[in-house]
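In what follows, a structure is listed as structure tokens, so that the remarks can point back to it.
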Amino acid sequence: GKVILSVECKKNKEHTYSLYLPLSYTGNKKFPVIYVFDSHARGRLPLELYQGIAEKYGYLLVGSNFSRNGIPWETIKSHISILFNDTWQRLSVDTKRIYTMGFSVGARVAVSAAIDNNIIAGVIGCAAGFPQTDYSVLRKFSYIGMVGVKDFNYHEMVQLDKKLEQTGFRHQLIVFDGKHDWADTASMKEAFV
């Protein structure tokens, strides 16, 4: 029922994450999980913004305190593996309902995690699109994009939506009156439940 600001990964204490467990959480039941990536390694920020909806629908939220702008992809990829392994050992996770979410560069991290891990069911990308990739070879996870009309990545997200439509990718783009800000995307959180 409260956001835990920092949990150290057992096998690598440099890697930490923020964690939200709904009040209904118990180890006797499997729960869906959303791994969240902020562009500035602020794991707690999106968890605080989204904890109400996680509580309402019974989701675990895991916010990376490591992933941020400027870190090489291979380092982030290693972090994601450490993060997944640690949470899967500690928590009761429904492995058919694993999602990633990110904001700005964190959105690209969330998509990259889904491309590299066939276990990801869907991605919520806020305020940025996909990394450079060949869309035709992507595994078909579900994708929801969210962007404000005043966001500097607005046109990128609209172009991505058109590209995904052409390739038959299961997706949706939610456009709202806002700018490049986590709080603005959080105002639309009920739209993708």
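What's counted below: heavy atoms across the whole structure, side chains too, no hydrogens, waters or symmetry copies. No experiment lies behind these values; they were computed from the predicted model shown. Numbering starts at 1 and runs along the sequence shown.
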Testing the 3.5 Å rule here: is there a donor-acceptor pair between the side chains of Ser142 and His171?
no
Out of curiosity, [X] [atom1] to [Y] [atom2], how far, rounded to the nearest 0.5 Å?
X      : Y      : atom1 : atom2 : answer
Ile124 : Met101 : CD1   : CE    : 5.0 Å
Asp116 : Ile80  : CG    : CD1   : 7.5 Å
Asn118 : Phe141 : CG    : CZ    : 10.5 Å
Gln172 : Ile144 : CD    : CD1   : 5.5 Å
Tyr57  : Ile34  : OH    : CD1   : 12.0 Å
Arg44  : Gln51  : CZ    : CD    : 11.0 Å

Less than 6.0 angstrom separating the ring centers of [X] and [Y], yes or no?
X      : Y      : answer
Tyr50  : Tyr20  : no
Tyr17  : Phe66  : no
Phe103 : His180 : yes

Any idea how Tyr143 and Phe130 line up, ring-wise: parallel (<30°), tilted (30 to 60°), or perpendicular (>60°)?
perpendicular
Go through the steps for Thr87 and Tyr35 under the test side chain to side chain contact (heavy atoms under 4.5 Å, CB included), then give the verdict.
CA-CA 10 Å; Thr87 54; Tyr35 291 91; 2.5 Å; yes
Should the pair Lys150-Asp177 be classified as a salt bridge under the 4.0 Å nitrogen-to-oxygen rule?
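Result for this pair is yes, salt bridge flagged.
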Salt bridge flag under 4.0 Å for residues Arg170 and Glu165
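Salt bridge between Arg170 and Glu165, a charged N being under 4.0 Å from a carboxylate O: no.
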Hey, does [Y] have a side-chain heavy atom less than 4.5 Å from the side chain of [X]?
X      : Y      : result
Val109 : Trp73  : yes
Asn65  : Ser18  : yes
Phe176 : Asp151 : no
Thr185 : Ile174 : no
Glu55  : Leu23  : yes
Arg68  : Phe37  : no

Can you get from [X] to [Y] by hopping between Ile, Leu, Val, Met, Phe, Trp and Tyr side chains that sit under 4.5 Å apart?
X      : Y      : answer
Val33  : Ile119 : yes
Ile82  : Leu19  : no
Ile98  : Tyr25  : yes
Tyr154 : Val111 : yes
Leu49  : Val105 : no

Please name the pair of heavy atoms, one in [X] and one in [Y], separated by the smallest distance, quoted to 0.1 Å.
X      : Y      : value
Pro131 : Ser112 : CG-OG, 3.3 Å
Ala128 : Asn153 : CB-ND2, 3.9 Å
Ala110 : Thr100 : O-OG1, 2.9 Å
Leu83  : Ser64  : CD2-CB, 4.5 Å
Leu60  : Ser92  : CD1-O, 4.1 Å
Ala114 : Val123 : CB-CG2, 3.4 Å

Apply side chain to side chain contact (heavy atoms under 4.5 Å, CB included) to Tyr59 and Tyr99, showing your working.
CA-CA 10 Å; Tyr59 275 74; Tyr99 305 92; 3.9 Å; yes
Side chain [X], main chain [Y], donor-acceptor under 3.5 Å:
X      : Y      : answer
Ser104 : Gly106 : no
Asp161 : Met157 : no
Ser81  : Ser78  : no

Does NZ or CZ of Lys29 come closer than 6.0 Å to the centre of the six-membered ring of Phe31, within 45° of the ring's axis?
yes
Report all side-chain donor-acceptor pairs from residues 1-13 shorter than 3.5 Å, counting only partners two or more places apart or in another chain.
from, atom 1, to, atom 2, distance (Å)
Asn12, OD1, Glu14, N, 3.2

Please lay out, stage by stage, how Val158 and Lys162 fare under the test side chain to side chain contact (heavy atoms under 4.5 Å, CB included).
CA-CA 6 Å; Val158 170; Lys162 290 177 184 174; 4.1 Å; yes
Run the side chain to side chain contact (heavy atoms under 4.5 Å, CB included) test on Val147 and Phe152 for me, step by step, so that the C-alpha distance in whole Å, both residues' side-chain angles and the decisive distance to 0.1 Å come before the verdict.
CA-CA 9 Å; Val147 68; Phe152 53 80; over 6 Å; no
